[in-house]
Structure formats: structure tokens, C-alpha cells
Amino acid sequence: MIKVHDLNAYYDDFHVLKNVSLNVGKGEVVVMLGPNGHGKSTVLKSICGLVEKVTGNIIYDGENITGLGSEKLVNKGITYIAENRELFPEMTVLENLKLGAYSQSARPHERENLEKVFTLFPRLADRQKQLASTMSGGEARMLAIARGLMSNADFLAIDEPSLGLQPNLRDEVARIIKEINTQGITVLVVEQNIPQITELADKIYVLEEGMISFQGSKEEALGNDHLKEIFLGM
Amino acid sequence: MFIEIIDVIISGLINGSVYALMAVGLTLIYGVSKAFNFAYGSFYSLGGYIAFLLFSIPFFNNYFVVLCLAAPVLLIFGFFIEKLLVAPLRKRDDWEVKVMMITLGLALFLDNSYQVVFGARMKSLPSMLEGNFEMGEFILSYQDVMIFIFSIGGILLFRWFLNNTRTGMSVRAVAQNPAGAQIVGIPKDFVFAATFAISTVMVGMGGILLAQKYFITPAGGWDILVKAWVITAFGGMGSIKGGLYAAFIVGMLEAFVGWYFGMTWTLIALFAVLLTTLAVRPQGLMGKWG
């Protein structure tokens, strides 16, 4: 579904990603691991059109989408869910969700997606009128994921969903990602604090110093001593 | 004495309402794109001149037609000015300063064009509604009532637009979190241009409303630019609610100072209040730090 070939990304003159290649098949959950600050988020953002300076090739369903801006990509069904959530603080939950369905392709599905999202996150349904800025960390995280789902995406890039989350909510996040995937959405997720998510993985990539240092199945990953180091954060 | 004070309050309310309409526009541009539009006052005059032109055409010379035609003209004008002059600068370093320079240039160009086309003499517009409401010594002109109704109507319409339309919501989204707006796929460039266009309509409408009372002159917009700027800074940069309160405070202050000390003191009083406020609360009445 998404094929990334020799991707290089830069922030000003800083070379963040070096010849990154990866492959996400339709309906898969692909997990990306690696130390903090080594460019995992940048991979997701580059695919979703949120990094200005990228070279290489990003192919989505056979179409070269390298260099397209997020407004075009969201419309094609590629959506990024940010680690720091990036909600609209002075808007209600409902308004945040409606803006999630901003793109042309999502508009006709706004109502059904709203229902889906409320079934998935009943707590958000109870708090439709609440301002995003007054929500707890966990609720805001759920809202960020829900807003991403409103875009009617086929491909979701989810960036560290466990960030700022209480440990007891991690199971919940894993359950939701599984549910999203069951509904047919392809997921590329950066997450290493939730073992349950790693268990969902069809494929695992490890990114170190802007380069892919490992790719393989989760069984292969577990058999790799170097990776255990990263899993354990040592 | 009592009647006089009532008159002063009414005059403050009416001017305050038009200031509110215009200052909210300036606050909006600042809140959304962090750009400062120096030509804002010239857009005020543009509204007046467009209305003046329309009134000179037979069959067009009533306010209903004039407002219905002037609004889209101002909207399109504002949209293209943003696309042509402001948008290309946005990708450069120090673009905020460059936007100030280019809009300052635009203001001088427009003001001189008005002088060439319409001459330096003052122009006036007919009253929206002739006649007065009288009750004993108390007199209220229908024109003032109409100005008030149209300004408040304009602000309410604007509020409705922000809260209930997709474009309005995307404007708020960009103001609150540009990164979030980009993530959900809102085209930022379009929002910037739309915001600029809407603010042009708001100040242009203010120009049409006030032209019945204060005339249109080629350089008349500078006074408005200063006031709108004072109100924006006073209310808190980018805070629409703050701008609304500030506009009415400024309107009242102007009316009372003008009545008690004379009109020459009003600007001095405005800046005194602004400086005192900013000394105590640098973020303005409702602004946020950072």
C-alpha cells in the first residue's frame, strides 16, 4: 500500500532521515521502534506530507505522492495522528471531530464516522460540548485518535499513542488500534511502551540515527539481542 | 446635564460598535496569520469610495444595493491583494516585517490613487434613514440607530460564520493551532487569503457606515488604522472577545473625553489608557502570553 524508497528528510540543513526504505502492505499493522530523537516521527510526517524538505520516493497505491502537501494527502486517505495531539484547544470535542472530517473525501462520511468514533470512544460521546483544553491527557489522546479516524483514512500514521498516558490506559490504546485495523485501516505506528501493540505487528522496523537498522517479523525481532536492548531501553 | 450625558453615552456606543466591527477584522488577521496590515485604514476609505461611486449610478443609489454590491467587491479585492502581495512574502525570512512594508506601500498607493481619481475634497454619503426620535429634550437620530444595527449585525454575522461554517471553523483552527490545522488537511494559504478578504469587508463596511457622519477623504483611513490598532493591542493581540470590549471602551472614552475636554484630547487620552493598560498587563485585556 505504501512503499517508501530511499527517503531523505531535512529540517533546514539538518539531515534527519538517510535513505529510509520501508513497505507497508494493505491491512497491515507495522510498528516502528528506535531510540528517541532518531527520526521515527519524521518518517511518519514525511509520508503524511508534513515535512517540507524530502527526497526519494513515496508510492501510495501505485501513485508517487512524494512532495505532496498534507491537504492533498488527507484527501487521498493518508492521515497523521500526532504524538503531541495537536488538538484545537478552544474548540469543543465535537468541533475538533468535525474538523477531522475537513477533507473533501471525508465530508460525505462525516455522520457515519462520527457514529463509529462514538462507539469506539463512548467517553467522547458524553463530552461532545467540552472544550478540548479542559480534557485530561488520556481523553485528549483519545480525541486525537478519534479526530484522525474522522478523516475516513485508509492509512493511519500514529505517533507514540502512549505518550503522556497513564499505564492503565495503554491496554485501551492497544485495543483501539486493533479495532481500527480490523475495520480495514492500515496502520503504521511508532510505539515502544506498549508490548500489546508490538504483538499486533505484522512487521517491525527499527530506526537508528535516521537509518533502518532492522526489519523483520516480530519473532525475528524478539530473537535479536541488539533489539532487546532497545525494547528494554538500556 | 443628564440629557447631555445620555447623548455622550449613545455616541460612544455607536462609534464603539463600528470600531468593534473594524477592530475585530484587524484582530482576526493578526490572530490567524500574525501579519499586520498597514493598509487596513486605506481599505476603510475604499469602502467609502466604492459606496460613493455606486451612489452616483442611477438605480444603484440606495443602501441595500450599495451594501450588497460593495461587500463582494471588497471580498474579492482583499482576497487578491493577499494572494498577490502578502502570500509570496510568507515563505521568506522576517516575513512579518516585509508584510508591514508592503502593506504600508499599498496604503500610500491607494491613498494617492483616491486623490487622483476622486480629488482631495471630502465626499459624503446620504443618510441611511432621515429623521429623529425625540422625547422631550432627548434626540436620537435614526441614522445613528441604523449604524448601530448594521455594525452589531455585521459582528453577529461574523460570529455565526466563525462558528457554523466550514471555512469559519478552519479559520479558528488555524488561529488556535496551525500545526493541527495542517494535520487535518486545512489549506492554510486559502485560510490566510480568506481571513484577509473577510477583514477587508469588515473595515470597508465600517467605512461605508461612518462615511454618513464623518465624510470620506483620501487620507482619512490613517485615523482608523491607529484606532483599530490601539483597540487590537488594548484588547489583547488576536483576542476577538478582548477586541470587542476594547472597541466599546475606546468608543466611550472618546465620547466622554471629547465632550468634557474637547475633541483634540481624545487621541491623547486613548494612548494614555493604552500605555497604562499595557504597563500593567502587557498582553492586553484578554490576550495570552506567548
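Nothing here was measured: the structure is a model prediction, and the numbers come from that model. Any value given below was found using the heavy atoms of this structure, including those in side chains, with hydrogens, waters and symmetry copies removed. Convention: sequence-line order gives letters A, B, ...; per-chain numbering from 1.
Counted within 6.0 Å of CZ on R107(A), heavy atoms from surrounding residues, nucleotides or ligands total more than 12; the atom is thus considered enclosed. Within 6.0 Å of atom NE2 in H5(A), 12 or fewer heavy atoms from other residues, nucleotides or ligands are found, so the atom counts as exposed in its surroundings. With a 6.0 Å radius and a threshold of 12 heavy atoms from other residues, nucleotides or ligands, K3(A) has its NZ atom at or below the threshold. Other residues, nucleotides and ligands contribute more than 12 heavy atoms inside 6.0 Å of the CZ atom of F36(B). Heavy atoms from other residues, nucleotides or ligands lying under 6.0 Å from CG of N164(B) number more than 12. The neighbour count for Y11(A) OH, taken as heavy atoms of other residues, nucleotides or ligands under 6.0 Å away, is above 12. Within 6.0 Å of CE in M100(B) there are more than 12 heavy atoms belonging to other residues, nucleotides or ligands. Annotation for K241(B): atom NZ does not count as buried by contact number, only 12 or fewer foreign heavy atoms lying within 6.0 Å.
Within the 3.5 Å criterion, the main-chain N or O of E90(A) finds a donor-acceptor partner in the side chain of Q176(B). Looking at N177(B), its side chain does come within 3.5 Å of a backbone N or O of L87(A) through a donor-acceptor pair.
The parts of S70(A) that come within reach of chain B are both its backbone and its side chain, each placing non-hydrogen atoms under 4.5 angstrom from that chain. Proximity to chain B (any heavy atom under 4.5 Å) is shown, for A106(A), by neither the backbone nor the side chain. Only the side chain of R147(A) comes within less than 4.5 Å of a heavy atom in chain B; its backbone stays farther off.
Contact between A181(B) and F88(A) at its shortest, heavy atoms only, is N-CE2, 3.5 Å. Contact detail for Y102(A) and S170(B): the closest heavy-atom pair is CE1-CB, 3.7 Å.
Options G49(A), A82(A), G69(A), P89(A) differ in how many heavy-atom pairs under 4.5 Å they form with chain B, and the most are formed by P89(A). Highest contact tally toward chain B, considering only R85(A), E86(A), K72(A), K45(A), is held by E86(A) [criterion: heavy-atom pairs under 4.5 Å].
Each of M169(B), R172(B), R166(B) was compared with L99(A) under the side-chain contact (heavy atoms from CB on, under 4.5 Å) criterion, and only M169(B) meets it.
The closest side-chain heavy-atom distance from V74(A) to V184(B) is not below 4.5 Å.
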